[in-house]
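Quick notes on the structure that follows.
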Amino acid sequence: VQLQASGGGLVRAGGSLRLSCAASGRTVNKYHLGWFRQAPGKEREFVAVIGWDAKTTYYADSVKGRFTISRDNAKETVYLQMNSLKPEDTAVYYCAADPVPSLSYETYNYWGQGTLVTVSS
């Protein structure tokens with residue numbers, strides 16, 4: 001499985017961005033898809049995950065109510081809509097895929113290359 005993340009950029013606080021992550025090489029329609037982020041000097045942390053059937057989603061408390069994860073299995077793509085962005089959301093965002101559902105980055109076997117999100121105050 002290859003994952004290609006895109007959509008990062010520079011945005012002012014309060015703004016919005018939509019990240020995309022397209023899978024190739026093997027279908028991920030039965031995989032759980034997650035987003036993680038890593039800020040400079042910090043560990044990679046969980047952001048959101050969506051079940052293979054899109055019926056189950058989980059969010060980190062820090063993004064709940066502001067971020068929305070979704071997926072389009074026909075396009076083998078997962079999205080992260082980020083609204084009301086804050087400077088503390090600044091990080092490299094990574095998408096990940098695995099057949100096993102988990103909130104821990106250590107579980108995921110497949111990773112995208114990361115896309116940088118910078119939120120200015």
Rounded to the nearest 0.5 Å, how far does [atom2] of [Y] lie from [atom1] of [X]?
X	Y	atom1	atom2	value
Leu19	Phe67	CG	CZ	8.0 Å
Ile69	Thr56	CD1	OG1	11.5 Å
Met82	Trp35	CE	CH2	8.0 Å

| task | May I ask you to check whether over 12 heavy atoms, not counting those of Tyr110, lie within 6.0 Å of atom OH? | result | yes
| message | I'd like to know whether the aromatic ring centres of Phe46 and Tyr59 sit less than 6.0 Å apart in this structure. | response | no
| Side chains of Val92 and Tyr94 in contact at under 4.5 Å (non-hydrogen atoms) | yes
| message | Distance alone, cut at 3.5 Å: any donor-acceptor contact between the side chains of Tyr93 and Arg37? | response | yes
| query | Side chains of Asp98 and Thr107: do they bring a donor and an acceptor to under 3.5 Å? | reply | no
| message | As a quick check of understanding, evaluate side-chain hydrogen bond (donor to acceptor under 3.5 Å, both in side chains) for Asp72 and Thr77, giving each step before the final call. | response | CA-CA 5 Å; Asp72 184 337; Thr77 300; over 6 Å; no
| Thr68 side chain to Gln81 backbone, donor-acceptor under 3.5 Å | no
| Under 3.5 Å, side chain of Thr115 to main-chain N/O of Gly8, donor-acceptor pair present? | yes
| said: Any salt bridge linking Asp89 with Lys86? Criterion: basic side-chain nitrogen under 4.0 Å from a carboxylate oxygen. | reply: no
